[in-house]
Amino acid sequence: MDTAGWYRYFAEVEAAGSSVAYRVLANGVADDAVLLGHLEGLPGKKRQPNLLFAAVQFLDGPTDSWTAFRSFVLDDWARVAGVITARSTQTNEAARCAALLPVLGSLRAPIALIEVGASAGLCLLPDRYSYSYSGTTLGDSPVHIDVEATGPVPIPVRLPDICWRAGVDRNPLDITDPDDVAWLRACVWPEHRERRERLDGAVAIARANPPEIVRGDLNEEIDALIDSAPKEATTVVFHSAVLSYLSPDQRQVFADKMRRRPSIVWISNEAPGVVAGLGTPSPREPNAFVLGRNGDELLAHTDPHGRWLTWA
């Protein structure tokens, strides 16, 4: 779709019911020829609504008024475009671990956990958070993830035994760098105070013992990471809202790599169709993710920000 269509889709599908502020801003951008002209001077992937809005938040610009937002972006376009060019959307929502946990609980321990598109590595720490699945509580942590769970969710009786963990990202974020942490906070939508608080808590936990994250292309680095995992462990490769940033050919390369490794467990949490073979959309919300195993087993539909999951 063109840039205007992208922003309209974001407003009516992604932001609807989740962020009034971003829905207003996205509709405003979609109808503004001047702003669209600025955006269309950027590479295609850099025109993303989340990236523009996060850049404005990162620069302490307004997101609660369309008029103020528009003026800020146009008056300070050089700085806004500079942030957009230098950064990418790296939400790193720790609540997505709630979708991962039931799968990990079904596997033989210990587990070697590998995340592709790891950002700051906060989703590599599912054993360091606590959870409530519609009232069933698991773990004890200052970071608590509350999930609305429906269907036969296989809630584990204990947190996973993770003996080794690592990630890969083209641009890993450093949780000890104030600018990188500020960018993580800027990627949280304005009304989502609980998510911002959870992010701050997860960053504090990660700083105590940061996971290893390799800088590089996921297709180029994944084999070496898998080979580095302890042989006695069950190796799990997972990703959430990552493969959509790859071309279809790059996604296929990654899927082929996973399928050539029958001993590993591949867990994906992506929009419908991003993983070929996992294209069934949620009847509940059109923008829900599909949680899948090994590229062909649909396990659940999940909220992109980890608020709910519906088990198949």
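Side chains included, hydrogens not; waters and symmetry mates left out as well; all remaining heavy atoms used.
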Derivation of the side-chain contact (heavy atoms from CB on, under 4.5 Å) call for Arg195 and Thr91: CA-CA 10 Å; Arg195 289 181 59 210; Thr91 306; 3.1 Å; yes
Close side-chain approach of Ser106 and Pro154, heavy atoms under 4.5 Å: no
Test item: Val29 and Leu36 side chains (from C-beta on) under 4.5 Å apart, heavy atoms: yes
Closest approach of Asp227 to Lys231 (non-hydrogen atoms, all atoms of both residues): O-NZ, 3.0 Å
Glu115 vs Ile213 side-chain heavy atoms within contact, under 4.5 Å: no
Side-chain heavy-atom pair Val143, Arg128 within 4.5 angstrom cut-off: no
Donor-acceptor pair, side chain of Asn294 and main chain of Asp296, under 3.5 angstrom: no
Side-chain heavy-atom pair Leu218, Val242 within 4.5 angstrom cut-off: yes
Criterion side chain to side chain contact (heavy atoms under 4.5 Å, CB included) against Pro210, the qualifying member of Asp174, Ile175, Leu125: Ile175
Minimum heavy-atom distance between Thr280 and Val290, given as atom pair plus value: O-CG2, 3.5 Å
CG on Asp217 to CG on Asp169, rounded to 0.5 Å: 10.5 Å
Cluster overlap Phe289 with Phe10, hydrophobic side-chain contacts below 4.5 Å: no
Parallel, tilted or perpendicular: ring planes of Trp183 versus Phe58, cut at 30 and 60 degrees: perpendicular
Atom pair CG/CZ of Asp64 and Phe69 - distance to nearest 0.5 Å: 11.5 Å
Side chain Lys257, main chain Asp223, donor-acceptor under 3.5 Å: no
Non-hydrogen atoms of Pro142 and Ile205 that approach each other most closely: CG-CD1, 4.2 Å
Co-membership, hydrophobic cluster, residues Val80 and Leu39, 4.5 Å side-chain: yes
Shared hydrophobic cluster for Val83 and Leu51 (ILVMFWY, side-chain gaps under 4.5 Å): yes
Backbone N/O of Ala149 and side chain of Ser134: donor-acceptor pair under 3.5 Å: yes
Co-membership, hydrophobic cluster, residues Val168 and Ile267, 4.5 Å side-chain: no
N/O donor-acceptor pair under 3.5 Å between Gln90 side chain and Asn171 backbone: yes
Donor on one side chain, acceptor on other, Trp266 and His239, under 3.5 Å: yes
Distance-only donor-acceptor check, side chains Thr302 and Asn269, under 3.5 Å: yes
Point-to-point distance, once rounded to the nearest 0.5 Å, from CZ of Phe72 to OG1 of Thr67: 15.0 Å
Straight-line distance of Leu291 CG to Glu270 CD, nearest 0.5 Å: 10.5 Å
Ion pair check, Glu221 and Arg215, cut-off under 4.0 Å: no
Residue pair Tyr129, Leu122: steps toward the side-chain contact (heavy atoms from CB on, under 4.5 Å) verdict: CA-CA 10 Å; Tyr129 309 137; Leu122 303 184; 3.9 Å; yes
Side-chain donor-acceptor pair present, Thr310, His301, cut-off under 3.5 Å: no
side-chain contact (heavy atoms from CB on, under 4.5 Å) assessment of Asn92 paired with Leu173: CA-CA 10 Å; Asn92 213 189; Leu173 297 183; over 6 Å; no
Ring geometry between Trp77 and His38 (parallel below 30°, tilted from 30 to 60°, perpendicular above 60°): perpendicular
Arg87 with Asp180: basic N within carboxylate O range, under 4.0 Å: yes
Whether Arg47 side chain and Leu42 backbone form a donor-acceptor pair below 3.5 Å: yes
Pair Ser228-Glu212, side-chain contact (heavy atoms from CB on, under 4.5 Å): steps then yes or no: CA-CA 12 Å; Ser228 299; Glu212 176 192 3; over 6 Å; no
Heavy-atom closest contact (Ala98 atom, Ile145 atom, distance): CB-CG2, 4.0 Å
Cluster link Val103 to Ile226, ILVMFWY, side chain under 4.5 Å: no
Non-hydrogen atoms of Arg259 and Ala276 that approach each other most closely: NH2-O, 4.0 Å
Side chain His192, main chain Ser18, donor-acceptor under 3.5 Å: yes
Mutual orientation of the aromatic rings belonging to Tyr7 and Phe53 [parallel < 30°, tilted 30-60°, perpendicular > 60°]: perpendicular
Minimum side-chain heavy-atom gap Val147-Val153 below 4.5 Å: no
Arg165 (side chain) donor-acceptor with Leu113 (main chain) under 3.5 angstrom: no
Aromatic ring pairing Tyr133/Tyr131, orientation class (parallel under 30°, perpendicular over 60°, tilted between): parallel
Leu107 CG to Thr234 OG1 distance, which is reported to the nearest 0.5 Å: 6.0 Å
Heavy-atom side-chain proximity of Pro49 to Tyr22 below 4.5 angstrom: no
Nearest-0.5 Å distance that lies between atom CD in Glu194 and atom CG in Leu199: 12.5 Å
Glu93 side chain vs Pro304 backbone, donor-acceptor pair below 3.5 Å: no
Gln57 side-chain N/O to Ala186 backbone N/O, donor-acceptor pair under 3.5 Å: yes
Minimal non-hydrogen separation, Phe238 against Cys123, with atom names: CZ-O, 3.2 Å
Arg108, CZ: over 12 other non-hydrogen atoms inside 6.0 angstrom: yes
Side-chain heavy-atom pair Phe254, Val237 within 4.5 angstrom cut-off: yes
Sidechain-backbone polar pair: Arg185 side chain, Arg196 backbone, donor-acceptor under 3.5 Å: no
CD (Glu12) with more than 12 external heavy atoms under 6.0 Å: yes
